[in-house]
Every structure is written in C-alpha cells, then in structure tokens.
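It should be emphasised that the depicted structure is a prediction, and the values quoted were computed from it without experimental measurement.
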Protein chains: 2
Amino acid sequence: MTEVCKIYEEHLDKILKAQEKLPDEETILEISDFFNALGNPTRLKIVFALLEEELCTCDLSNITGLSVSAISHQLRILKDRKIVAYKKDGKNVFYRLDDEHIRQILKIALRHMEE
Amino acid sequence: MTEVCKIYEEHLDKILKAQEKLPDEETILEISDFFNALGNPTRLKIVFALLEEELCTCDLSNITGLSVSAISHQLRILKDRKIVAYKKDGKNVFYRLDDEHIRQILKIALRHMEE
DNA sequence: TCTACATTTGAACAATTGTGCAAATGTCTT
DNA sequence: AAGACATTTGCACAATTGTTCAAATGTAGA
C-alpha cells in the first residue's frame with residue numbers, strides 16, 4: 001500500500017474498534033477458504049448434487065459433464081476444506097457432504113438470491 | 001472434456017435424478033458468485049468490519065492496511081453482488097451490509113470453523 | 001499375474017484475479 | 001474559480017486458478 005488517506009479524528013474510534021473486533025488473519029484465511037470452495041460453479045454443482053445422496057467421482061463427472069480428472073481435482077479441494085467426506089468401496093470412492101452447516105448455508109444463500 | 005467414464009446401470013437413476021434437481025446454470029453462477037465474493041481475505045475483512053457499523057472507503061483502508069484503491073476495487077465487487085449497500089455523504093461514501101442473510105451466513109461459517 | 005477400469009496426480013497452459021499506480025471524477029470550502 | 005481531499009477507474013503485471021492430458025496408482029476379477 002502506498003496511498004494513505006487521512007484519518008478523521010472522529011473516525012479514529014470506529015477504526016480502532018473495528019480493528020479490534022476483526023478476527024485474526026488465520027481465522028480470516030480459513031473462513032475465506034471455506035467460502036472460496038463454494039465460490040466456483042463446478043464445485044458448487046458437486047455440492048448441490050451431493051445434497052440428495054452420496055455419489056462417486058464417475059457419477060459426478062456424468063452429472064456435470066466435466067472430465068473425471070477435473071472433478072477429482074475439485075473434489076480434493078472440497079475434501080481439504082472439510083466440505084465433503086468420502087468412503088472407499090472397491091474401485092469406487094463415494095463422496096458426501098461433511099456436515100449439516102453446508103446444507104444450512106446453501107439454504108440461506110438460495111433465499112438470499114430470491115429477492 | 002475428453003475422458004468420460006461408463007455410467008453404471010445401477011447408478012443411472014441417481015445420475016438422472018441428481019441432474020434434474022441441480023439448479024440451472026444461471027442460478028449456479030449467481031450463487032457461486034455470491035460465495036466467491038466472500039471467498040477472498042480482503043473482501044471478507046471488509047464484511048467483518050461492516051458487521052458493527054457502517055464505514056467509509058477510507059476507514060476500511062485504514063482498518064485493513066490496504067490501499068484505498070484496492071479497497072475501492074473490492075467494494076465494487078461486493079456492491080455488484082449485493083453484499084454491501086452504500087450511501088453518499090459529502091466527500092465520503094459509507095458502506096454497510098446489504099441484508100440480514102449475510103450476518104446469518106457468517107455466523108454459521110464461524111460455527112462451522114469451530115470444530 | 002494380467003487386464004480392465006475407477007481414481008488420483010503432476011505438468012502445462014490459458015484465463016482470471018488482486019493489487020498498486022496514475023489519472024479522472026466528485027464534493028466541499030475558501 | 002481554485003485547492004484539498006475522498007473516491008473511482010483503467011491499465012499493467014504478478015499470482016492464482018481451472019482445465020486437460022498423460023502417466024501413475026488402486027482394486028477387483030479372470
């Protein structure tokens with residue numbers, strides 16, 4: 001950052017208070033990573049598809065029309081960010097949503113969109 | 001996409017059902033844009049700062065330590081995605097969260113992180 | 001062990017993104 | 001009208017991202 005604007009005396013309080021209340025950098029990064037995971041059409045489609053029932057990589061490829069490889073790469077991201085969990089079954093790997101929060105957030109996001 | 005894996009006979013039902021239930025492309029893009037807006041550290045900091053009270057571009061620059069220009073660019077994105085609203089007051093432009101859904105979603109995301 | 005197929009992985013590459021800089025715009029005060 | 005300062009905007013550039021391809025790995029069955 002180069003440019004710095006003047007701090008109004010009267011804004012100083014707000015600024016210090018806001019800075020204090022801001023979550024620390026690490027928390028910010030965790031939460032933004034979480035939203036970022038949902039902030040991509042392919043990954044969001046995967047998550048929506050998993051709302052109903054668990055599906056394997058191949059199913060998700062067929063559902064979305066994307067290559068198995070592309071799906072697998074995105075599944076890794078969703079897995080790392082604790083949005084999906086998986087279970088191996090023979091040659092297949094079945095993915096499911098990792099917890100109830102995901103469903104809640106999707107529901108609110110849908111409601112938010114309908115305005 | 002090049003590689004396509006075989007559809008299991010027994011998975012065909014799941015696949016068709018999932019495809020049917022999937023929101024249409026436009027909705028997917030809208031929702032992923034929404035999450036994407038929150039999925040960046042700078043923008044998320046702005047949103048957290050605005051949880052308490054409305055702030056102007058300059059305040060947000062001071063709070064985050066980023067240039068006024070960088071903040072302004074990110075505010076435009078948050079504005080376009082209906083996450084923040086603004087009001088002009090003389091030389092200043094004050095931003096605030098646009099609706100209650102944002103607060104709800106942040107609350108759930110925080111809870112999701114605490115596990 | 002060999003074959004078939006599901007999945008993952010790493011490299012490569014185009015596309016997108018986030019930031020700072022400089023210039024433009026807007027608004028208040030003198 | 002001129003100066004001061006907040007904000008926005010367009011450009012440039014480095015960094016990140018999403019996809020494909022090719023190769024590697026894993027697993028079941030002949």
Considering every strand and a 4.0 Å limit on heavy-atom distances, what is the contact class for A:Tyr86: base, sugar-phosphate, or nothing?
nothing

Ring pair (Phe, Tyr, Trp, His ring centres under 6.0 Å) partners for B:Phe35, two or more places apart
none

Hits for side chain to side chain contact (heavy atoms under 4.5 Å, CB included) against A:Glu52, two or more places apart or cross-chain, chain-then-number order -> B:Lys21

Protein proximity profile, nucleotides 25-30 of chain D - base contact B, sugar-phosphate-only contact S, no contact -, cut-off 4.0 Å on heavy atoms:
-BBS--

Ignoring backbone atoms, establish whether A:Ser67 has a side-chain N or O less than 4.0 Å from OP1 or OP2 of D:dT20.
yes

How many whole angstroms separate atom CZ of B:Phe35 from atom P of D:dT17?
18 Å

Rounded to the Å, how far apart are A:Asp80 CG and D:dG18 P?
13 Å

Name all pairs fulfilling the side-chain hydrogen bond (donor to acceptor under 3.5 Å, both in side chains) condition that reach into residues 77-90 of chain B, sequence neighbours left out, sorted by first residue then second.
B:Glu54-B:Lys87

Assign A:Phe94 to base, sugar-phosphate, or nothing according to its heavy-atom contacts below 4.0 angstrom with the strands shown.
nothing

Please report, rounded to the nearest Å, how far the C1' atom of C:dC5 is from the CG atom of A:Asn92.
10 Å

Under the side-chain hydrogen bond (donor to acceptor under 3.5 Å, both in side chains) definition, can you give me all pairs with a residue in residues 29-44 of chain B, not counting sequence neighbours?
B:Arg43-B:Gln74

Rounded to whole Å, CG of B:Leu29 lies from P of D:dG18 at a distance of 13 Å

Nearest heavy-atom approach of A:Leu22 to B:Phe48 is CD1-CB, 3.7 Å

A:Asp59 has an atom CG; how far is it from atom C1' of C:dA6, in whole Å?
11 Å

Hey, can you pull the residues of residues 36-48 of chain A with a non-hydrogen atom under 4.0 angstrom from DNA chain D?
A:Asn40, A:Thr42, A:Arg43

The side chain of B:Leu66 is closest to which nucleotide in this list: C:dT19, C:dT8, D:dT7?
C:dT19

Counterpart residues, salt bridge (charged side-chain N to carboxylate O under 4.0 Å, His left out), relative to B:Arg103 (two or more places apart):
B:Glu100

Tell me which nucleotide among C:dT19, D:dA6, D:dT8 gets nearest to the side chain of B:Gln74.
C:dT19

Listed partners of A:Glu25 passing salt bridge (charged side-chain N to carboxylate O under 4.0 Å, His left out), at least two apart
B:Lys45

List every contact pair, protein side and nucleotides 9-16 of chain D side both N or O, where the distance is under 3.5 Å.
residue : atom : partner : partner atom : Å
D:dT9   : O4   : B:Ser69 : OG           : 3.0
D:dG10  : O6   : B:His73 : NE2          : 2.9

Pair pattern of DNA chain D in dot-bracket, where unpaired bases get dots and | marks partners in another strand, Watson-Crick or G-U under 3.5 angstrom
||||||||||||||||||||||||||||||

